[in-house]
2 protein chains.
Amino acid sequence: MPRVTDEYRAARRDEILTAAMRAFQRGGFHATSMADIIAESGLSAGAIYGHFEGKHAIIQSVALQVIGSRVGDLERAMARDPMPAPPGLVRVLTDGLVRDVGNASLLVQLWGEAVADDDIRALVYGVFTRLEAAWGAYLARWQERQHGASPAEAAAIATNQLPLYLAAAQGFILQSALMPRFDREKYLAAVEAHLPQ
Amino acid sequence: MPRVTDEYRAARRDEILTAAMRAFQRGGFHATSMADIIAESGLSAGAIYGHFEGKHAIIQSVALQVIGSRVGDLERAMARDPMPAPPGLVRVLTDGLVRDVGNASLLVQLWGEAVADDDIRALVYGVFTRLEAAWGAYLARWQERQHGASPAEAAAIATNQLPLYLAAAQGFILQSALMPRFDREKYLAAVEAHLPQ
DNA sequence: GTCTATACCAGGATAGAC
DNA sequence: GTCTATCCTGGTATAGAC
């Protein structure tokens, strides 16, 4: 019998994680100290270390949440019937991002972090691989259904289009995080107008 | 009269910068300590600090070099006559990157760093703004020359296409840095096949 | 200008009381 | 589980000799 309920523990963990996300969004992973996270959460050092092994574990958990939800959003959208047109997937991804995280800067930080941190890199690799597989399958299915392509043709077309669709999603994330006057609707309109169906 | 020639100083600076770039590429800005840079350069702490105020200054200089050269490449390509087709600019940018830096991971790190570091952010903002202006002007000129669009039409089309071209360049950089089986030629072929002319 | 040795401190993590 | 107070390491930067 645990001394407190699992729900309580989970809620506290989440509280800490949310505070950490806010702090990281402002200052970045490294410039944000444990003291900052402690202050942001309104708790104390002891409370934090009761729920996380350390700063590294917090970063990991934040990463998993931010990046994992993106993949989940996509896979769900891909399973919908009728299928949304491929450019719609870019919108799904970015909607989910705004809803859960507020902005894309955490994701951009994660990409940068993947260079230095093996765990984050593994996470990012894994996500990119899943994204590639799911999006590729989606594009192929779209070709078959909408254009009556044979499976072989459809696969070839999908493979060809895939890197650009990934780039469209990545470009959105990067530009929304780092371009001063980014216009979300203008971007999505360009995707819809120019990327191949 | 300086005690050593300016050429000597510049060469040393460059030597240190190159060593730092190698180290940063492997381990990231933060996980790389001054001790690592010192070891990588084969010099000593005293030597390094004789040329740079500190680690921050080194990062700044690396950033300026990596990111500044990219913009230079593009602006030069854009001034060429006859104009390369717009997708060719993506190739120019990535060629320069490979030539100067070897891989794109430093650039991805810089993007992540822009969240936390005001100086880096200002640098990245500035570059994105120049890129936007130059590439936008280029796309407009291309529309006028190749398709006989009026200046107003050309400007509208360019504004519409611009975010996708930026995304194509950004996607290349990100995917080449973080996707295990990235295929450069496949990517560029997709850009050439699908992005609007 | 460059070297070695070292001062100094930020900040992650722990101890022990409650 | 949470708090406050504190320890201690890693890492930046400097001092002083050459």
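Here is the naming used below: chain letters follow the sequence lines, and residue numbers restart at 1 for every chain.
Looking at heavy-atom distances under 4.0 Å, A:Gly46 makes contact with a base. A:Ser44 comes within contact range of at least one nucleobase, with a heavy-atom separation under 4.0 Å.
With A:Tyr187 contributing its side chain and A:Ala168 its backbone, the two residues share a donor-acceptor pair below 3.5 Å. A donor-acceptor contact shorter than 3.5 Å links the side chain of A:Gln25 to the backbone of A:Val101.
Side chain to side chain, B:Gln170 and A:Gln175 meet the donor-acceptor criterion of an N or O pair below 3.5 Å.
Each of D:dT4, D:dT2, D:dG1 was ranked by its minimum atom distance to the side chain of A:Arg12; first place goes to D:dT2. Listed candidates were C:dG11, C:dT4, D:dC3. Nearest to the side chain of A:Ser33 is C:dG11. The B:Tyr49 side chain lies nearest to D:dT12 when the options are C:dT2, D:dT12, C:dA13. Ranking C:dA5, D:dG1, D:dA5 by closeness to the A:Ala45 side chain, first place goes to D:dA5.
The interatomic distance linking B:Ile16 (CD1) with C:dT2 (C1') rounds to 11 Å, in whole Å. For A:Ile37 and C:dG11, the CD1 to C1' distance is 12 Å, given to the nearest whole Å. One can place CG of B:Asp36 at 8 Å from P of D:dG11, the figure rounded to the nearest angstrom. Distance NZ (A:Lys55) to P (D:dT9): 19 Å, rounded to an integer number of Å. Residue B:Phe52 contributes atom CZ, which lies 16 Å from atom C1' of D:dT12 at whole-angstrom precision. Nucleotide C:dG12 holds its P atom 12 Å from the NE2 atom of B:His30, rounded to whole Å. If you measure from atom CD of B:Glu53 to atom C1' of D:dA13, you get 12 Å, rounded to the nearest angstrom. To the nearest angstrom, P of C:dA13 lies 12 Å from CD1 of A:Ile48.
Residues B:His51 and A:Met34 each lie close to DNA chain C; by heavy-atom proximity, the contact nearer the 5' end of the strand is made by B:His51.
Taking the charged nitrogens against the carboxylate oxygens, A:Asp81 and A:Arg145 do have a contact shorter than 4.0 Å, which makes a salt bridge.
Residues A:Phe29 and A:Leu110 form a side-chain contact, since some pair of their non-hydrogen atoms from C-beta on lies under 4.5 Å apart.
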